[in-house]
Amino acid sequence: MKCKEARQAVVLDYYGELAAAGKKELEAHLRDCRICAAEREETLRVFSLLESNPPAPVPEPDSERVWSRVAFRLTPGRAPELRPAWRFRQWSLAGAALVLVLVAGIFIGRNVFSPPSPIGPLASASGTPRPAAGLKPVLAGHLEDMKPLFLEYANFTPNASASGRTVTIDENLLRALLLQNVLLRNALAKSDPAAAELLDDCDLILKEILNRNRPTAASPVAIRDLIHDRDVLFKLEIMKKL
Amino acid sequence: MSEEPKMEEIALIRLARAGDAAAWKSLFDAHHRRVFGLAFRFLGNRSDAEDVLQETFVKAFRGLDGFDPAYAGGFASWIGRIGANCSLDVLRRKKNKDTLSLEDDAVDDPSDGALSANPERTTGNREIRARIEEALGDLSPKQRMIFTLRHYEGYTTREIAGMIEVTEGSVKTHLFRAVGALRKKLSRVLVEDQNEV
């Protein structure tokens with residue numbers, strides 16, 4: 001047995017994973033090699049130190065709270081909450097969100113706070129513009145942007161590759177849609193609950209599409225069924241016209 | 001450590017696959033402490049461990065169709081693997097951010113109270129434990145995970161290999177390196193501790 005093997009055998013022996021033959025070889029090596037024998041003593045002292053200073057005991061998890069979150073995320077009809085992984089990206093998302101808010105602000109400013117048109121009866125009649133009304137064109141544009149993607153999935157068939165039909169996705173566009181969706185949902189949560197509910201459904205679908213490459217992701221068929229089950233395309237058309 | 005899949009458990013898995021939330025809750029109740037315990041050992045704080053617990057049971061449910069009842073070690077081992085991988089992901093992210101702290105839940109440690117009869121010794125133990133945690137924190141995420149599973153959780157190297165899907169040889173290599181690194185880091189503590197005694 002070589003010195004390197006002996007050092008490894010010491011560890012396996014401590015954990016009871018060294019076969020009898022290996023043990024004999026180790027003992028024989030340690031009798032002849034003072035360096036390895038000293039090193040074994042030091043290794044055993046380290047193990048002893050670890051044993052006499054055990055780590056903090058595991059506390060009880062708040063299992064009810066965790067279960068309620070698990071159930072929430074797995075219940076159909078509910079938008080999933082932010083995943084733990086997202087928290088680590090919160091700051092980068094916040095930065096991107098700020099940019100979007102500024103862009104949306106400029107857009108809304110142009111549409112809502114621009115000088116009243118001399119021929120626009122509503123514009124001249126309403127002295128104070130309402131932000132919710134100003135978000136309507138933004139919402140309509142956003143829904144229009146999402147429609148082609150949802151249509152792709154709504155028309156998906158399992159033998160798509162055989163028929164030459166595939167769903168192609170621009171990853172950056174998808175992330176932008178998701179972010180814009182979150183912003184709009186939050187902005188409309190109080191003033192337009194119906195729109196917020198639709199955006200909740202869109203949020204769920206966009207996240208499933210975004211996670212499509214993960215091993216545990218929902219299949220395209222499941223996403224298609226989700227779109228159909230919730231009448232997303234129908235609601236999307238109605239909401240655009242309101 | 002490994003368990004054979006039980007008939008009752010297989011029935012629950014079938015029901016959960018069919019969308020039975022109560023069956024999934026029963027499996028959660030049976031296994032959540034173990035998953036949480038492993039995550040807590042790896043991550044060192046309750047909040048991250050609860051996040052991992054949540055993520056594990058969401059991922060496991062979504063991947064339930066892929067679970068084979070003949071999987072070595074059964075459902076417990078399968079869900080343990082998912083939990084271990086979730087923990088490893090978090091550990092890597094934390095390692096990158098260099099914010100790993102194993103002292104977050106120090107208040108949860110009842111042993112602190114048990115040692116309070118000798119304040120000097122208690123402080124000494126805390127310091128030693130902090131040095132140990134620091135040494136563990138300096139290991140690579142994989143070394144730390146493998147060492148924790150072997151040393152604190154009592155899994156064999158073969159079981160760990162199955163759990164994190166690497167070869168047994170790779171597990172041993174990481175384990176040897178982890179022990180070597182700990183020996184280097186803790187040798188000074190050993191000397192100091194001996195001097196105090």
Side-chain angles (χ1 to χ4, degrees), chain A residues 4-5 7-12 14-17 39-76 80-89 91 208 211 214-219 222, chain B residues 19 21 24-25 28-29 32-33 36-37 40-41 44 46 48-55 57-63 66 82 86 89-90 93-94 97 102 105-106 108-112 125 128-129 132-133 136 150-152 156-158 172 175-176 179-180 182-183 186-187 189-190 193-194:
Chain A
K4 187 184 172 187
E5 292 168 336
R7 282 198 293 273
Q8 296 176 347
V10 165
V11 176
L12 292 179
Y14 176 80
Y15 290 123
E17 289 197 38
E39 210 166 287
R40 177 175 68 168
E41 290 310 308
E42 200 183 338
T43 301
L44 294 180
R45 277 203 301 275
V46 168
F47 281 134
S48 171
L49 181 79
L50 293 171
E51 295 305 330
S52 54
N53 293 278
V58 177
E60 275 292 306
D62 188 344
S63 50
E64 285 310 310
R65 188 163 57 95
V66 176
W67 170 252
S68 69
R69 286 180 183 177
V70 170
F72 180 84
R73 287 176 62 185
L74 295 176
T75 304
E81 66 177 7
L82 291 183
R83 294 178 180 185
W86 278 68
R87 284 194 204 155
F88 298 101
R89 285 184 249 148
W91 286 107
E208 291 294 354
N211 293 329
R214 292 187 180 183
T216 54
S219 67
Chain B
W24 192 236
K25 174 76 162 67
F28 175 87
D29 287 341
H32 79 271
R33 275 192 185 79
F36 175 81
F40 184 81
R41 281 276 169 265
R46 182 200 293 263
D48 284 341
E50 285 186 349
D51 280 349
V52 164
L53 177 60
Q54 181 196 151
E55 194 65 15
F57 274 86
V58 170
K59 275 189 178 173
F61 184 83
R62 288 179 177 160
I82 297 172
C86 286
D89 287 343
V90 174
R93 279 196 295 266
K94 287 184 81 107
K97 285 176 172 284
L102 297 167
D105 280 284
D108 290 326
D109 184 1
S111 64
D112 288 349
N125 279 356
I128 290 172
R129 217 174 59 206
I132 291 171
E133 298 293 7
L136 287 170
R150 176 61 271 198
H151 190 84
Y152 292 117
T156 66
T157 49
R158 181 172 293 180
K172 284 179 180 171
L175 180 66
F176 300 146
V179 171
L182 289 174
R183 198 179 58 221
L186 297 174
S187 55
V189 180
L190 278 170
D193 198 40
Q194 276 176 341

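In what follows, chains carry the letters A, B, and so on, assigned in the order in which the sequence lines appear, proteins first and then strands, with residues in each chain numbered from 1.
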Tightest non-hydrogen contact, residues B/Val179 and A/Thr43, listed as CG1-CG2, 4.0 Å

Interchain contact, B/Phe57 with chain A, by part (heavy-atom threshold 4.5 Å): both

With sequence neighbours left out, the residues meeting side chain to side chain donor-acceptor pair (under 3.5 Å) with A/Glu64 are none

Side chain to side chain contact (heavy atoms under 4.5 Å, CB included) with A/Pro61: which of B/Glu50, B/Gln54, B/Arg46? B/Glu50

Portion of A/Gln8 that has a non-hydrogen atom of chain B nearer than 4.5 angstrom: both

What part of B/Leu175 gets closer than 4.5 Å to chain A, counting heavy atoms only: side chain, backbone, both or neither? side chain

Test of ring centre spacing under 6.0 Å for B/Phe36 and B/His32: no

Parallel, tilted or perpendicular: rings of A/Tyr15 and A/Phe47 (30°, 60°): perpendicular

B/Lys25 versus chain A, the contacting section by heavy-atom distance below 4.5 Å: both

Tell me which of these, B/Leu53, B/Leu186, B/Leu182, B/Thr157, has more heavy-atom pairs under 4.5 Å with chain A than the rest. B/Thr157

